[in-house]
Amino acid sequence: MPDDMVDAHLRGVNHALAAGWRVLERGGLALDAVEEAVVIMEDDETFDAGRGSFLNRDGRVQLDALIMDGSTLRAGGVGCVERLRNPIRAARKILSESPHVYFVGEGAEKFAAEHGVPLCKNEDLVIPREVERLRKYQAELAQRDTKQDGNDLFASDSVANDSDETISHDTVGAVALDRNGNMAAATSTGGTLNKAPGRLGDSSLIGCGCYADDESAAASTTGWGEPIMKLVLAKWTADRIAAGNLPEWSAQEAMNYLKQRVNGHGGIIVLNTAGHIGIAHNTPRMAWAYKTVKKQEAGIVRE
Ligand code: ASP
């Protein structure tokens with residue numbers, strides 16, 4: 001997160017927090033709270049979700065999202081959708097109104113439209129900042145390619161390291177616990193910059209980018225998706241909490257595990273049924289915010 005984007009990120013997570021809290025305060029469901037919080041961040045161009053997302057190799061926005069209800073273990077996910085401003089709304093419809101858990105591509109868009117979620121044009125999701133970011137990134141790749149042996153895949157790998165300032169991860173997520181003791185989690189993303197069309201990340205995969213179970217924890221992750229999905233990281237963290245570890249500790253452990261086991265980078269927010277929270281990242285920054293009946297805080301670094 002570059003310095004000039006810090007304020008926008010803090011504003012964004014605080015708006016999302018307020019939207020989620022409004023639901024909880026009037027006695028609403030954790031599931032509704034995480035949906036409303038994520039919608040706010042999908043609508044905010046600051047983040048890599050909804051409009052303003054990173055572009056794929058073809059210059060298109062391709063979105064993934066998942067929402068999960070910890071009380072029933074029902075989940076709804078969409079992958080590689082191109083015509084939804086708010087993929088989390090479609091995911092919620094899948095959770096609530098479909099016997100299935102997951103829809104991708106055109107089928108997901110068709111399902112959404114049939115269930116009252118409006119479709120848009122892909123161009124409506126693309127903003128100039130991202131067109132420029134992709135242009136710069138691809139130009140850099142092409143330059144490295146000519147210096148190396150022209151192998152696209154390995155060239156991309158060499159660009160994608162932690163020190164490269166063009167690489168950031170800006171997926172959005174929310175976890176909540178309502179007054180009935182139910183938890184929910186939601187995650188939404190445009191995925192990684194310059195990804196291949198059809199590439200699906202961790203964010204919308206159950207247990208990888210998102211997980212909720214009232215018997216353990218609600219978790220949402222961000223970061224480089226391929227390593228995260230190999231470790232099924234959200235479920236891994238929830239399992240440690242089910243085994244009696246505190247969320248704060250488990251979140252930190254998850255980041256250590258991600259780094260040590262697969263050299264991954266990212267962040268996680270996690271919550272247990274007692275309302276204890278865990279926030280951790282092994283990137284320099286990650287915007288976060290939380291609120292309980294007693295306390296409210298936000299930041300871009302979690303020590
Ligand atoms: N995890 C996302 C993905 O790999 C990217 C991100 O978190 O920004 O698709």
Checklist entry - Can you check salt bridge (Lys or Arg N to Asp or Glu O under 4.0 Å) on Glu140 and Arg144, steps first, answer last? => result CA-CA 6 Å; Glu140 195 179 332; Arg144 292 187 194 196; 2.3 Å; yes

Next on the checklist: Check Asp7 with Arg11, please: is the shortest side-chain N to carboxylate O separation under 4.0 Å?
Outcome noted: no

Checklist entry - Between Thr192 (side chain) and Lys195 (backbone), is there a donor-acceptor pair under 3.5 Å? => result no

Next on the checklist: Quick one: does any side-chain atom of Ser203 pair with a main-chain N or O of Gly225 as donor and acceptor, under 3.5 Å?
Outcome noted: no

Next on the checklist: Quick check on side-chain contact (heavy atoms from CB on, under 4.5 Å): which of Leu63, Asp170, Thr171 does Thr189 satisfy it with?
Outcome noted: Thr171

Checklist entry - So with a 6.0 Å cut-off around CD of Glu106, is the heavy-atom count from everything else above 12? => result no

Checklist outcome for this item: CG of Leu73 to CG of Asp214, rounded to nearest 0.5 Å, is 8.0 Å

Item to check | Working for side-chain contact (heavy atoms from CB on, under 4.5 Å), residues Arg22 and Asp32 | outcome: CA-CA 10 Å; Arg22 271 196 296 278; Asp32 290 328; over 6 Å; no

Item to check | Lys235 side, atom NZ; Ile206 side, atom CD1 - distance, nearest 0.5 Å | outcome: 11.0 Å

Checklist outcome for this item: dist Glu123:CD -> Arg83:CZ (nearest 0.5 Å) comes out at 10.5 Å

Checklist entry - Salt bridge or not for Lys136 and Glu132, using N-O below 4.0 Å? => result no

Checklist entry - So Gln296 and Leu17, side-chain contact (heavy atoms from CB on, under 4.5 Å) or not? Walk me through it. => result CA-CA 9 Å; Gln296 175 169 355; Leu17 187 69; 3.6 Å; yes

Checklist entry - Are a donor atom and an acceptor atom from the side chains of Tyr102 and Ser204 found within less than 3.5 Å of each other? => result yes

Item to check | Over all atoms of both residues, closest heavy-atom pair of Ser188 and Val38 | outcome: CB-CG1, 3.6 Å

Checklist entry - Between Gln252 (side chain) and Ala280 (backbone), is there a donor-acceptor pair under 3.5 Å? => result no

Next on the checklist: Using side-chain heavy atoms (C-beta onward) and a distance below 4.5 Å, is Arg57 in contact with Pro197?
Outcome noted: yes

Next on the checklist: Assess whether a salt bridge exists between Arg89 and Glu36, defined as any Lys/Arg side-chain N lying under 4.0 Å from an Asp/Glu carboxylate O.
Outcome noted: yes

Item to check | Flag, side chain of Asp69 to backbone of Ser71, donor-acceptor distance under 3.5 Å | outcome: yes

Checklist entry - So, does Asn245 use its side chain to make a donor-acceptor pair with the main chain of Arg240 at under 3.5 Å? => result yes

Next on the checklist: Are Val78 and Leu205 connected into the same hydrophobic cluster when the rule is that any two of I, L, V, M, F, W, Y join if their side-chain heavy atoms are below 4.5 Å apart?
Outcome noted: no

Next on the checklist: Students often mix this up, so state it plainly: with edges at 30° and 60°, are the rings of Phe103 and His100 parallel, tilted or perpendicular?
Outcome noted: perpendicular

Checklist entry - Roughly how far, to the nearest 0.5 Å, is the CG atom of Leu55 from the CZ atom of Arg60? => result 10.5 Å

Next on the checklist: Using a 3.5 Å distance criterion without hydrogens, assess whether the side chain of Asn282 forms a donor-acceptor pair with backbone atoms of Gly264.
Outcome noted: yes

Item to check | Candidate pair His276 and Glu248, rule side-chain contact (heavy atoms from CB on, under 4.5 Å), full reasoning | outcome: CA-CA 8 Å; His276 296 133; Glu248 198 183 338; over 6 Å; no

Next on the checklist: Can you give me the closest heavy-atom contact between Leu200 and Met229, atom names plus distance?
Outcome noted: O-CE, 3.4 Å

Checklist entry - When rounded to the nearest 0.5 angstrom, what distance separates CG in Leu29 from CD in Glu35? => result 10.5 Å

Checklist entry - Which heavy-atom pair separates Cys120 from Asp124 by the least distance, and what is that distance? => result CB-OD2, 3.6 Å

Checklist entry - Roughly how far, to the nearest 0.5 Å, is the CD atom of Glu82 from the CG atom of Leu119? => result 12.0 Å

Checklist entry - Looking only at heavy atoms, what is the nearest atom pair of Ser53 and Gly190, with distance? => result OG-CA, 3.6 Å

Item to check | Nearest heavy-atom neighbours spanning Trp21 and Val293 | outcome: CH2-N, 3.7 Å

Checklist entry - Side-chain heavy atoms under 4.5 angstrom apart, residues restricted to Ile, Leu, Val, Met, Phe, Trp, Tyr: same cluster for Val301 and Met5? => result yes

Next on the checklist: Contact between Arg199 and Asn56 at the side-chain level, heavy atoms closer than 4.5 Å - yes or no?
Outcome noted: no

Checklist entry - Which atom pair, heavy atoms only, marks the closest approach of Gly12 to Ile40? => result O-CG2, 4.5 Å

Checklist entry - Same hydrophobic cluster for Val39 and Leu84, using side-chain heavy-atom links shorter than 4.5 Å among ILVMFWY? => result no

Next on the checklist: For Glu42, give me all partners under salt bridge (charged side-chain N to carboxylate O under 4.0 Å, His left out), at least two apart in sequence or on another chain.
Outcome noted: none

Checklist entry - Any idea how Phe47 and His9 line up, ring-wise: parallel (<30°), tilted (30 to 60°), or perpendicular (>60°)? => result perpendicular

Next on the checklist: Is there a path of hydrophobic side-chain contacts, each under 4.5 Å between heavy atoms, that joins Met255 and Trp236?
Outcome noted: yes

Item to check | More than 12 heavy atoms of other groups within 6.0 Å of Arg129 CZ | outcome: yes

Next on the checklist: Within the structure provided, determine whether Leu31 and Asn182 are in side-chain contact (heavy-atom separation under 4.5 Å).
Outcome noted: no

Next on the checklist: Determine whether a donor-acceptor pair (N or O, by modelled atom type, separation under 3.5 Å) exists between the side chain of Ser96 and the backbone of Lys93.
Outcome noted: no

Item to check | Evaluation steps, side-chain contact (heavy atoms from CB on, under 4.5 Å), between Asn86 and Val117 | outcome: CA-CA 8 Å; Asn86 294 112; Val117 181; 5.8 Å; no

Checklist entry - More than 12 non-hydrogen atoms from neighbouring residues, nucleotides or ligands closer than 6.0 Å to NE2 on His15, yes or no? => result no

Next on the checklist: Measuring only between side-chain heavy atoms, which start at C-beta, is Arg51 closer than 4.5 Å to Asp43?
Outcome noted: no

Item to check | Cluster link Leu177 to Met68, ILVMFWY, side chain under 4.5 Å | outcome: no

Next on the checklist: Donor-acceptor check, side chain of Trp288 to backbone of Ala298, threshold 3.5 angstrom: yes or no?
Outcome noted: no

Next on the checklist: With a 6.0 Å cut-off (strictly less than), is the heavy-atom count around CD of Glu97, excluding the residue itself, greater than 12?
Outcome noted: yes

Checklist entry - How about Pro227 and Leu258: do any of their side-chain heavy atoms sit closer than 4.5 Å? => result yes

Checklist entry - Is there a side-chain contact between Asp202 and Leu233, using heavy atoms and a 4.5 Å cut-off? => result no

Checklist entry - Counting only heavy atoms not in Glu253, do more than 12 fall under 6.0 Å of its CD? => result yes

Checklist entry - If you measure only the distance, is there a donor-acceptor pair under 3.5 Å linking the side chains of Ser220 and Thr187? => result yes

Next on the checklist: Quick one, His169 and Met286 - any side-chain contact, counting heavy atoms below 4.5 Å?
Outcome noted: no

Checklist entry - Do Asp213 side-chain atoms and Glu215 backbone N/O form a donor-acceptor pair below 3.5 Å? => result yes

Checklist entry - Would you call Arg179 and Leu24 a side-chain contact if the rule is heavy atoms closer than 4.5 Å? => result no

Next on the checklist: Looking at His115 and Phe111, would you say the former's side chain and the latter's main chain have a donor-acceptor pair under 3.5 Å?
Outcome noted: yes

